[in-house]
Number of protein chains: 2
Amino acid sequence: MQFSESPTQIRQDAVFVRSSVEQRDAFWRGKDLPSVEKADLALNQILADLPSEETRRVLANLELIHVQTNDILAEGGVPISHCYFPLDAVVALVANLEEGATVEVGLIGNEGMVGIRVILGRSTGAYLAVVQIPGKCLRIKPDLLKAEFKRGGVLQDRLLQYVRYMLAQVSQTAACNRMHLLEQRLCRWLLSIQDRVKTAELLITHEAIAHMLGATRSDVSRVVGALGKLGILHSSRGKTTILDRKALESTSCECYWIVRNDYIYPLRARKASSGKGNL
Amino acid sequence: MQFSESPTQIRQDAVFVRSSVEQRDAFWRGKDLPSVEKADLALNQILADLPSEETRRVLANLELIHVQTNDILAEGGVPISHCYFPLDAVVALVANLEEGATVEVGLIGNEGMVGIRVILGRSTGAYLAVVQIPGKCLRIKPDLLKAEFKRGGVLQDRLLQYVRYMLAQVSQTAACNRMHLLEQRLCRWLLSIQDRVKTAELLITHEAIAHMLGATRSDVSRVVGALGKLGILHSSRGKTTILDRKALESTSCECYWIVRNDYIYPLRARKASSGKGNL
DNA sequence: CGTTGTCTGTGCGTTGTCGCACACTGCAAC
DNA sequence: GTTGCAGTGTGCGACAACGCACAGACAACG
């Protein structure tokens, strides 16, 4: 999907350039929206395989949209307009600190949902939700999601499980940010992204990575360079390729596996020490 | 409450000395348990002022217990035996990293509950829940809490609100741990504790603080010393007294107010810059 | 009153990261 | 091609925090 009229980029702050999702809403308005199929639901792990009744109700209220890198899906203090279920996109929750510094506090892929706070009793976002990897999302109006949540069916269960996973992820990040070296955190981050995009090539610059990790661009370049010399990565001009995932895992900190092992649906759980893991 | 037979201390790891709550269970067994009054419920903000029917049901299942410093109420990977609602105690959630390092990821006082994961679909704890400030707690068996949660009444709402608050707290800690200086984080921590104990005197050693902040004891001593010279604190031998709360607030990072302003029940919200805030 | 052990103050070399600067490189627009 | 520029490699001084060490200070207890 391409937009001939490229959306004007609004400068949001020194760091993120907002490419407005709302403008693309306007683009679609009045045209035929792509219809949402059951097959789409299957791509998000919260929505997949719901009981047929829940599927029917939810399906009627979902929209399929494409999101692009740097799209902002929610913002701190701002009412959440939609809840987004990524299908193949990846979204980062980013804290925007006083001095203009940024750090990622959480990562959301097809295992989760953007805007979880609406089911936790707040209609506003807490942090900036920025698209890191473009792709498709299903979205729904907060009220409708909340109503379905209140019914107490399987979706409620899934969402609560996801909240727990998110909490685990964020908690571990809190510990990790305090204790672990940039190199370890970088490896963990790359692994987390790769789990969600399933490809070895990541289209992202060192500077963007630095903003996620709350580090300087130059240090990210240094670490990436070092990992490159070890044959673990190849990185050049906005494209980083993971060459040796196992090595990445053993250079990463334990946090990667701790979070992963707390995942909602039991995956093939692995210890950091065993060092074997590929999706 | 005193225990003549002082509970044998089991060495759990290099850092925390477990004083077993279970042993005190044994102490009480067969004796008259202190009965739980409605007045006790009022001291915890999740349990306070529930509809009378919910109050009645919950009351029947709660136990009142005293917890002491370093009691461990839950542990990572271990089934949660009880959910604890602090009345005047304060509990820290602590991540135990590989190398024996420790960092606090969350703090729980009478605004919350220890063991929130049981309503999020996991019966095991994620981190060590260590009592920092001794006092009273109400506790309940996970199954009973979960059943009441499932009924979808006011308690469900309160617990979900609390989950959101916890998520906000932990997320901000993730950002804070990455970006802010020890001095700022220490001030934030002291403020958070004081909000929960409501007294100016904190009985805690520099070393314990260091474990919470994931810093070295010597650096904590240095920072505390500096704050002491400014007349903000007085600290000596396991006792730290907050002398100038406003100064503490302005030396702390923004994170303190960000979390506080996201609190469940609208408090007197304040900006960090306005610098006026006392409980 | 002295002993013991906990808690705290402080010194010092090391390390990870910052903050800034500047040069190089490959891609894209002209 | 040439130019422009985003993206990257690298250097260097500054600084926060680590890691370790040791001495002083105070409380509890005999």
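Naming convention: chains lettered A, B, ... in sequence-line order (proteins, then strands); numbering from 1 in each chain. Just so we're clear, the structure is a prediction, and the values are computed from it rather than from any experiment.
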In whole Å, I'd like the distance from the [atom1] atom of [X] to the [atom2] atom of [N].
X: B:M179; N: D:dA16; atom1: CE; atom2: C1'; value: 14 Å
X: A:K229; N: D:dT10; atom1: NZ; atom2: C1'; value: 10 Å
X: A:L181; N: C:dT14; atom1: CG; atom2: C1'; value: 14 Å
X: A:H234; N: D:dT8; atom1: NE2; atom2: C1'; value: 12 Å
X: B:N177; N: C:dG16; atom1: CG; atom2: C1'; value: 16 Å
X: B:I209; N: D:dA17; atom1: CD1; atom2: P; value: 15 Å

Do side-chain atoms of B:D71 reach the backbone of B:Q68 as a donor and acceptor pair under 3.5 angstrom?
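Present.
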Looking at B:L213, is its backbone amide N or carbonyl O close enough to the side chain of B:R185 to form a donor-acceptor pair, meaning the two atoms are under 3.5 Å apart?
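Present.
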Within the 4.0 Å limit for protein heavy atoms, which parts of nucleotides 19-30 of chain C are touched? Write it as a string from 5' to 3', B for base, S for sugar-phosphate only, - for none.
BBB---BB----
Is B:G228 touching bases, backbone alone, or none of the nucleic acid, heavy atoms closer than 4.0 Å?
nothing
N/O (side chain, [X]) to phosphate O (OP1/OP2, [N]) under 4.0 Å:
X: B:R178; N: C:dC18; result: yes
X: B:H180; N: D:dA16; result: no
X: A:H206; N: D:dG9; result: yes

In the structure shown, which nucleotide is the Watson-Crick or G-U wobble counterpart of D:dG24, with both distances under 3.5 Å?
C:dC7
